[in-house]
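The figures here come from the full heavy-atom set of this structure, side chains too, leaving out hydrogens, waters and symmetry mates. Atoms within each ligand, like the ligands themselves, are counted from 1 in listed order. Please read these numbers as outputs of a predicted model, since none were measured by experiment.
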Amino acid sequence: MKQKIFLVKGDITEMDVEAIVNAANTDLILGGGVAGAILRKGGIIIQKECDNIGRIPLGEAVITTGGSLKAKYVIHAAGMNLGDSVSEKSLKDTTHNSLLRAKEAKFTSIAFPAIGTGIGGFPVKDCAVIMLDEIVSFFSNIDSSLNKIYFVLYDKSIYDEFYSVFSGKKIHFIEMEKK
Ligand code: APR
């Protein structure tokens, strides 16, 4: 796998990458957590573009502007229906579709949050395993311009959990501490 994977402790809205992935719902209504931070920092234009797109299927992913974020774009990964929770299948599908959107858009760098592990109620360790496995299998079958993939964990305990899963997976990843 030629892509470089980075594990970052920090705030995904501060990442200077082409696109950051939002932990979204199928209604594309930006609520709390990552979505709330994106709305606050990126601006209402992001919600307006989401409103124009309207509801998307569970597990899908769509691109909007990044507004005033450092990232030019946001990939909205619909891991759950509003008021519901994230499942293994929806997490796998939305991780895959986020990578597909990035490939189609010829992005070279994207940043993922730990989708599902907040309001979505998904176990952190399972999230790390599923997202990492999906990324490794995506790139073993599909060539893409993407060469830098960041996982940005806000919370130290989640960062540590991702670190332990990544270390056990014998993949080369680079640990980055962002204040
Ligand atoms: N940067 C990085 N990670 C963050 C940030 C941030 N600024 N803010 C929160 N997180 C972390 C949370 O701590 C959690 O570990 O992102 C993970 C995902 O949490 P949520 O954002 O709650 O996402 P999710 O669990 O997938 O639930 C999605 O919540 O906000 C609503 O509209 C959203 O309906 C959707 C649902």
Side-chain angles (χ1 to χ4, degrees), residues 5-17 19-51 53-64 66-71 73-99 109-132 134-135 149-166 175-179:
I5 295 185
F6 297 84
L7 209 49
V8 181
K9 162 126 180 37
D11 177 347
I12 198 167
T13 62
E14 291 303 317
M15 291 300 288
D16 190 2
V17 289
I20 63 170
V21 176
N22 175 31
N25 54 61
T26 48
D27 288 336
L28 296 183
I29 294 170
L30 282 75
V34 173
I38 287 174
L39 187 56
R40 269 194 307 281
K41 293 213 182 146
I44 193 70
I45 187 170
I46 298 174
Q47 185 61 68
K48 285 191 179 343
E49 282 200 13
C50 286
D51 294 346
I53 295 167
R55 188 174 161 69
I56 64 173
L58 185 60
E60 259 305 338
V62 291
I63 298 180
T64 68
S68 28
L69 290 170
K70 288 176 187 157
Y73 300 98
V74 177
I75 297 174
H76 300 269
M80 58 187 265
N81 292 311
L82 206 52
D84 208 346
S85 54
V86 170
S87 69
E88 184 169 334
K89 179 170 180 351
S90 67
L91 177 60
K92 196 172 172 308
D93 292 348
T94 207
T95 301
H96 178 88
N97 285 319
S98 297
L99 294 167
S109 61
I110 61 169
F112 280 102
I115 296 172
T117 61
I119 295 167
F122 200 76
V124 174
K125 193 177 185 82
D126 298 347
C127 171
V129 169
I130 290 166
M131 291 188 78
L132 186 58
E134 187 50 40
I135 284 171
I149 299 168
Y150 296 82
F151 277 91
V152 185
L153 293 325
Y154 201 58
D155 180 291
K156 179 83 175 73
S157 64
I158 295 182
Y159 176 88
D160 292 344
E161 193 82 69
F162 266 66
Y163 182 88
S164 71
V165 167
F166 279 40
E175 224 201 315
M176 277 171 67
E177 274 291 320
K178 265 177 88 72
K179 297 292 158 261

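- Between Asp84, Thr94, Ile119, Val152, it is Ile119 that holds the heavy atom closest to atom 20 (P) of ligand 1.
- Where the criterion is an N or O separation shorter than 3.5 Å, residue side chain and backbone included, Gly31 meets it with respect to ligand 1.
- Within ligand 1, counting atoms from 1 as listed, the ones closer than 4.0 Å to a heavy atom of Ile29 are 32 (O).
- Of all atoms in ligand 1, listed by their number and element, those nearer than 4.0 Å to a heavy atom of Leu82 are 34 (O).
- Heavy-atom separations between Gly116 and ligand 1 include at least one value shorter than 4.0 Å.
- Contact annotation: for Ile158 versus ligand 1, heavy atoms closer than 4.0 Å belong to the side chain alone.
- Here the shortest heavy-atom distance to atom 15 (O) of ligand 1, taken over Thr117, Asn25, Val124, belongs to Thr117.
- At least one N or O atom of Ile12 sits closer than 3.5 Å to an N or O atom of ligand 1.
- Between Lys9 and Glu175 there is no salt bridge, since no side-chain N of the basic residue sits under 4.0 Å from a carboxylate O of the acidic one.
- Under a 4.0 Å criterion applied to the non-hydrogen atoms of Asp11, ligand 1 contributes the atoms 1 (N), 6 (C), 7 (N).
- Looking at Gly32 next to ligand 1, an N or O pair under 3.5 Å apart turns up.
- Of the candidates Gly120, Gly33, Gly10, it is Gly120 that places a heavy atom closest to atom 27 (O) of ligand 1.
- Under a 4.0 Å criterion applied to the non-hydrogen atoms of Gly118, ligand 1 contributes the atoms 14 (C), 18 (C), 19 (O), 22 (O), 25 (O).
- Looking at Asp155 against ligand 1, nothing comes within 4.0 Å, counting heavy atoms.
- In this structure, Phe151 and Phe162 have tilted ring planes: the angle between them lies in the 30° to 60° band.
- For ligand 1, the atoms closer than 4.0 angstrom to any heavy atom of Met80 are 27 (O), 28 (C), 36 (C).
- Residue contacts with ligand 1 do not include Gly79, since none of its heavy atoms lies under 4.0 Å from the ligand.
- Within a 4.0 Å radius of atom 12 (C) of ligand 1, the protein has no heavy atom.
- Atoms of ligand 1 lying under 4.0 Å from any heavy atom of Ala23, numbered from 1 in the order shown and given with element: 23 (O), 26 (O), 28 (C), 33 (C), 35 (C).
- Among the atoms of Val34, some N or O lies under 3.5 angstrom from an N or O of ligand 1.
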